[in-house]
There are 2 protein chains.
Amino acid sequence: MSDILAAHIRRFVGFTTEEAAMLNNYASTLVVKKKSLLLQEGQVCRHNYFVEKGCLRMFFTDEKGAEQTNQFAIENWWMTDYGSYTNGSPSQFYIQAVEHSSILAFSKSTERELFTALPVLDQYFRRILEKSFGATQWRIRYIFSQSKEERYWHFCSLYPDFIQRIPQYMLASYLGLTPEYVSEIRKKKS
Amino acid sequence: MSDILAAHIRRFVGFTTEEAAMLNNYASTLVVKKKSLLLQEGQVCRHNYFVEKGCLRMFFTDEKGAEQTNQFAIENWWMTDYGSYTNGSPSQFYIQAVEHSSILAFSKSTERELFTALPVLDQYFRRILEKSFGATQWRIRYIFSQSKEERYWHFCSLYPDFIQRIPQYMLASYLGLTPEYVSEIRKKKS
DNA sequence: CGGTCTCTTGACGGAGTTCAAAGCTAGTGG
DNA sequence: CCACTAGCTTTGAACTCCGTCAAGAGACCG
């Protein structure tokens with residue numbers, strides 16, 4: 001296992017080489033290819049995933065069977081269905097690799113032991129979650145204050161590199177608009 | 001100061017009476033009346049607020065000057081603008097009392113000291129934030145899978161007591177619809 | 001190359017907004 | 001305790017953004 005995660009942790013808290021070595025014992029590396037599923041609707045989400053390389057997305061299917069993307073996670077992001085993970089209840093979401101990816105999986109079953117062994121992780125995750133939650137506050141702000149067209153162009157300007165990595169229809173569902181309307185928007189501009 | 005917060009902490013982690021006493025040293029109790037502002041747009045958010053009694057909301061004003069409610073916090077919820085709080089950047093949000101409320105304020109300036117003195121709080125906040133983040137995942141799910149009418153009735157069925165406590169127009173802006181449309185929906189049903 | 005995803009186009013319809021004005025309610029001061 | 005006023009809610013008509021549907025054009029992968 002590489003030191004990508006340890007490096008990320010050190011951006012938030014002090015973390016020694018010994019601690020990093022201990023952390024390794026709790027992680028499984030998953031090399032997954034495009035489109036493979038790490039979690040399916042109905043399963044209990046028993047892992048917290050860290051993206052070393054590649055990209056994951058979380059999505060669900062609405063009553064018409066259409067896939068709605070909820071979140072993306074690229075390098076150095078964590079992803080799990082917290083509702084299912086913490087309560088042990090069946091998940092209503094899917095987690096899928098958008099690209100060929102390298103993922104670290106931490107199991108819920110050893111979580112207690114892990115945090116006891118490395119209490120500094122409590123602080124690390126507190127910080128990470130604060131950041132994620134802050135990002136979500138902004139996301140909701142944008143959803144409610146921008147038209148769908150504005151939302152699209154705004155996202156493109158914020159993440160010009162990322163939009164190259166994902167198909168149009170996935171971005172559309174993440175932003176809450178239809179692929180057809182994205183086409184129309186793009187045509188208008190040119 | 002009452003023991004409302006200590007009781008809440010004990011729902012997630014072990015917490016002694018001595019620890020609770022120590023925690024008290026870091027909290028200021030604010031008794032605020034309806035409509036008073038704890039944070040204004042442009043200010044840096046320097047506090048994390050815990051609602052002992054009453055209700056807070058976070059909102060922003062869109063380019064047309066309309067208020068958009070982002071979040072509510074009732075008894076036993078925390079509220080802050082995490083983006084501003086953690087980065088020290090000016091906030092784009094307001095935090096306002098919806099009702100006459102009793103609030104505990106924890107200052108950013110003593111945060112480091114507080115978490116050093118009571119490391120168990122790292123774990124407590126990690127849990128709280130996991131829960132909040134999970135709730136937000138669900139909120140986004142609902143925003144993208146329900147029509148505005150469904151969203152309204154669904155919220156009413158989930159929080160029948162809460163909707164009694166807030167004016168219609170605040171709920172409307174929280175759900176992303178206009179007060180006029182809420183009227184129309186309600187008329188349709190009866 | 002062949003087949004399956006993905007993206008584009010255009011016509012149509014409807015959910016939900018906007019605007020303006022009237023009706024209602026609750027809080028405040030006298 | 002009442003009356004006044006500011007703020008909240010309702011109504012209705014006009015309008016528009018954006019989804020839906022269906023069909024065709026590319027693009028990518030085996």
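Heavy-atom basis, side chains included; hydrogens, waters and symmetry copies ignored. Quick note on labels: first sequence line is chain A, next is B, and so on, each numbered from 1.
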Is it true that A/Y152 and A/R186 share a donor-acceptor pair across their side chains at a distance under 3.5 Å?
yes
Please classify the nucleic acid contact of B/Y181 as base, sugar-phosphate, or nothing, using heavy-atom distances under 4.0 Å.
base
Indicate, with a heavy-atom threshold strictly under 4.0 Å, whether A/E180 touches base, sugar-phosphate, or nothing.
base
Are B/S183 and D/dT9 close enough that a side-chain N or O sits under 4.0 Å from OP1 or OP2?
no
Between C1' on C/dG14 and CD on B/E149, what's the gap in Å once rounded to a whole number?
13 Å
A/I185 has an atom CD1; how far is it from atom C1' of C/dC7, in whole Å?
14 Å
Listed nucleotide nearest any side-chain atom of A/P167, set C/dT18, D/dT9, C/dC7
C/dC7
Closest to the A/S147 side chain: D/dT9, C/dT17, D/dC18?
D/dC18
note: B/M170, atom CE; D/dC8, atom C1'; distance rounded to Å ~ 11 Å
Rounded to whole Å, please give me the gap between OH in A/Y169 and C1' in C/dT4.
12 Å
Whole angstroms only, please: what is the CD-P distance between A/Q168 and D/dG26?
17 Å
Can you see if the side chain of A/K187 gets near the phosphate of C/dG10 - specifically, an N or O under 4.0 Å from OP1 or OP2?
yes
Please work out which of the three classes, parallel, tilted or perpendicular, describes the rings of B/F162 and B/F72, given edges at 30° and 60°.
perpendicular
Parallel, tilted or perpendicular, judged at 30° and 60°: which one describes the rings of B/W138 and A/F93?
perpendicular
Bend angle of the helix from C/dC1-D/dG30 to C/dG30-D/dC1, end axes from five pairs each (to 10°)
60°
Interatomic distance, OG@A/S183 vs CG@A/L177, rounded to 0.5 Å, equals 11.0 Å
If you pin B/K148 and B/K34 to their nearest nucleotides in DNA chain C, which one's is more 5'?
B/K148
In whole angstrom, what separates B/Q146's CD from C/dG16's P?
11 Å
Rounding to a whole Å, what distance do you find between A/I166:CD1 and D/dC28:P?
16 Å
B/Y82 vs A/F133 aromatic rings, parallel, tilted or perpendicular, using cut-offs 30° and 60°?
perpendicular
Please report the interatomic distance NE2(B/H47) to CG(B/D81), rounded to the nearest 0.5 Å.
13.5 Å
Do any side-chain nitrogens or oxygens of A/K35 fall under 4.0 Å of OP1 or OP2 in C/dC5?
no
Measure the distance from NZ on A/K188 to C1' on D/dT16 and round it to the nearest whole Å.
11 Å
Reckon B/K64 has a side-chain N or O less than 4.0 Å from the OP1 or OP2 of C/dT18?
yes
Look at A/E149 together with A/K188 and state whether they make a salt bridge at an N to O cut-off of under 4.0 Å.
yes
Taking the side chain as every heavy atom from C-beta outward, state whether B/F59 and B/Q96 have any atom pair closer than 4.5 Å.
yes
Can you identify which nucleotide, out of C/dC7, D/dT10, C/dG16, has its nearest atom closest to the B/R186 side chain?
D/dT10
